[in-house]
Each structure stands twice: as structure tokens, then as C-alpha cells.
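One structure is given here, and the rest of the page talks about it.
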Amino acid sequence: LGHVKLNDVDLPEPLLARAREGEPLALEAFYRACARPAYTLARRIVGPAAADDVVQDAFLDAFRGLPAFDGRAPLGAWFRAVVVRRCLMHLRSPWRRARERLDDWLDAVESRAHAPAAGEGLD
């Protein structure tokens, strides 16, 4: 089983039409077709810790946006843009930046706690 890229994902038009209408089985088919490549992409951009949440948010955005999907771009390419947009939103979020600063500060504190005290180990 080869690796499927999100750009290559497509659904037959009748199934896509049903997904646009919000039919649960059609939305499930969309999810099944896109979940693995979407997660792979998100993991590369935001890392494994955030990928699940980002992909979940991307699917919610896509389910809401499917009725307006006009088919000018392939479905997979459209959803790829949704996933990338969600990844960028995650990377720019103030909460994430504050958490990184806190993690950096905690790492620095931990490093100092494990470093030898001045004059220690000079025997």
C-alpha cells in the first residue's frame, strides 16, 4: 500500500455531492479518504503532538466549507489548503508562542539545577 498524497485524493462526483449536503456516510467517506494523508502533512508541519488537533479542526472547517466547494480545484488540493491553513493558525497562535517561551524557561531552569555549582568539581 503506497503513500497517498492529499493532492491526489478525490471522491466520485455523486459521493461528493452527498458530502456537500452533509450526508453522514458521504462525510465519512471523505474523512476516510483524507485522514491519513492529512495527518501526515500536519505532522510534518506542526509535529506529532499537535497534528491530531490540527487535523480535527481542519475536518471541521472542511465539513462546514464543503457546501461552498465549487470543484474548480481538485478536492484533495482544496482540503490540503484547509489543513495547511489550520497548521499555520496553530503555529501563529499566541497560546503556542507563550507555551514555547515557558518551555524554554523551564528547560533553562532545569539545566541550571543540574549544572555544577561554581567551584564544584575542581578537585
Side-chain angles (χ1 to χ4, degrees):
L1 195 76
H3 174 72
V4 175
K5 293 189 177 204
L6 207 44
N7 280 342
D8 299 332
V9 172
D10 204 6
L11 294 178
E13 185 54 42
L15 186 60
L16 179 56
R18 293 188 349 247
R20 281 188 187 112
E21 294 170 4
E23 181 186 302
L25 290 176
L27 291 173
E28 181 182 351
F30 172 74
Y31 176 84
R32 289 181 184 274
C34 295
R36 177 168 281 164
Y39 177 79
T40 300
L41 175 63
R43 185 180 167 117
R44 283 195 339 248
I45 297 172
V46 300
D52 282 333
D53 288 339
V54 166
V55 170
Q56 179 179 346
D57 290 341
F59 272 110
L60 291 173
D61 291 348
F63 289 167
R64 289 182 194 115
L66 267 174
F69 173 67
D70 60 12
R72 283 187 286 158
L75 178 66
W78 173 80
F79 186 58
R80 183 182 193 282
V82 172
V83 173
V84 168
R85 185 171 49 252
R86 268 292 165 181
C87 288
L88 295 176
M89 288 172 67
H90 171 79
L91 292 173
R92 288 191 291 245
S93 76
W95 177 87
R96 180 181 175 275
R97 288 195 303 268
R99 170 144 186 163
E100 285 179 344
R101 286 193 298 271
L102 177 61
D103 287 345
D104 290 344
W105 180 81
L106 290 172
D107 288 345
V109 168
E110 188 173 313
S111 296
R112 283 189 294 243
H114 293 8
E120 194 176 298
L122 297 178
D123 298 340

Can you see which heavy atom on [X] is nearest to which on [Y], and at what distance?
X: Ala42; Y: Cys87; answer: CA-SG, 3.7 Å
X: Pro67; Y: Arg20; answer: CG-O, 3.4 Å
X: Ala26; Y: Ala19; answer: CB-N, 3.4 Å

Subject >> Carboxylate-amine/guanidinium contact Arg64 Asp61, below 4.0 Å >> reply: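 Counted as a salt bridge, because a side-chain N and a carboxylate O are separated by less than 4.0 Å.
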**OP:** Report the relative orientation of the aromatic rings in Phe30 and Phe59; use parallel for angles under 30°, tilted for 30 to 60°, perpendicular for over 60°.
**Re:**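 Answer is perpendicular, since the angle exceeds 60°.
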At what distance, to the nearest 0.5 angstrom, does [atom1] of [X] lie from [atom2] of [Y]?
X: Asp57; Y: Arg86; atom1: CG; atom2: CZ; result: 4.5 Å
X: Leu11; Y: Arg18; atom1: CG; atom2: CZ; result: 10.0 Å
X: Asp53; Y: His90; atom1: CG; atom2: NE2; result: 8.5 Å

**OP:** Scan Val55, Leu41, Val54 and name whichever one has a side chain to side chain contact (heavy atoms under 4.5 Å, CB included) with Val46.
**Re:**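 Single side chain to side chain contact (heavy atoms under 4.5 Å, CB included) partner of Val46 among Val55, Leu41, Val54: Val54.
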If we only count heavy atoms from C-beta on, is the [X] to [Y] side-chain gap below 4.5 Å?
X: Leu27; Y: Leu66; answer: yes
X: Leu16; Y: Phe69; answer: yes
X: Pro48; Y: Arg43; answer: yes
X: Val9; Y: Pro37; answer: yes
X: Val4; Y: Arg36; answer: no
X: Leu88; Y: Arg85; answer: no
X: Cys34; Y: Leu6; answer: yes

Subject >> Transitive ILVMFWY side-chain link Met89 to Phe79, under 4.5 Å >> reply: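 No, Met89 and Phe79 fall in different hydrophobic clusters.
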Original post:
Is there a path of hydrophobic side-chain contacts, each under 4.5 Å between heavy atoms of I, L, V, M, F, W or Y residues, that connects Phe63 with Leu75?
Top reply: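 Yes; Leu75 is reachable from Phe63 via cluster members.
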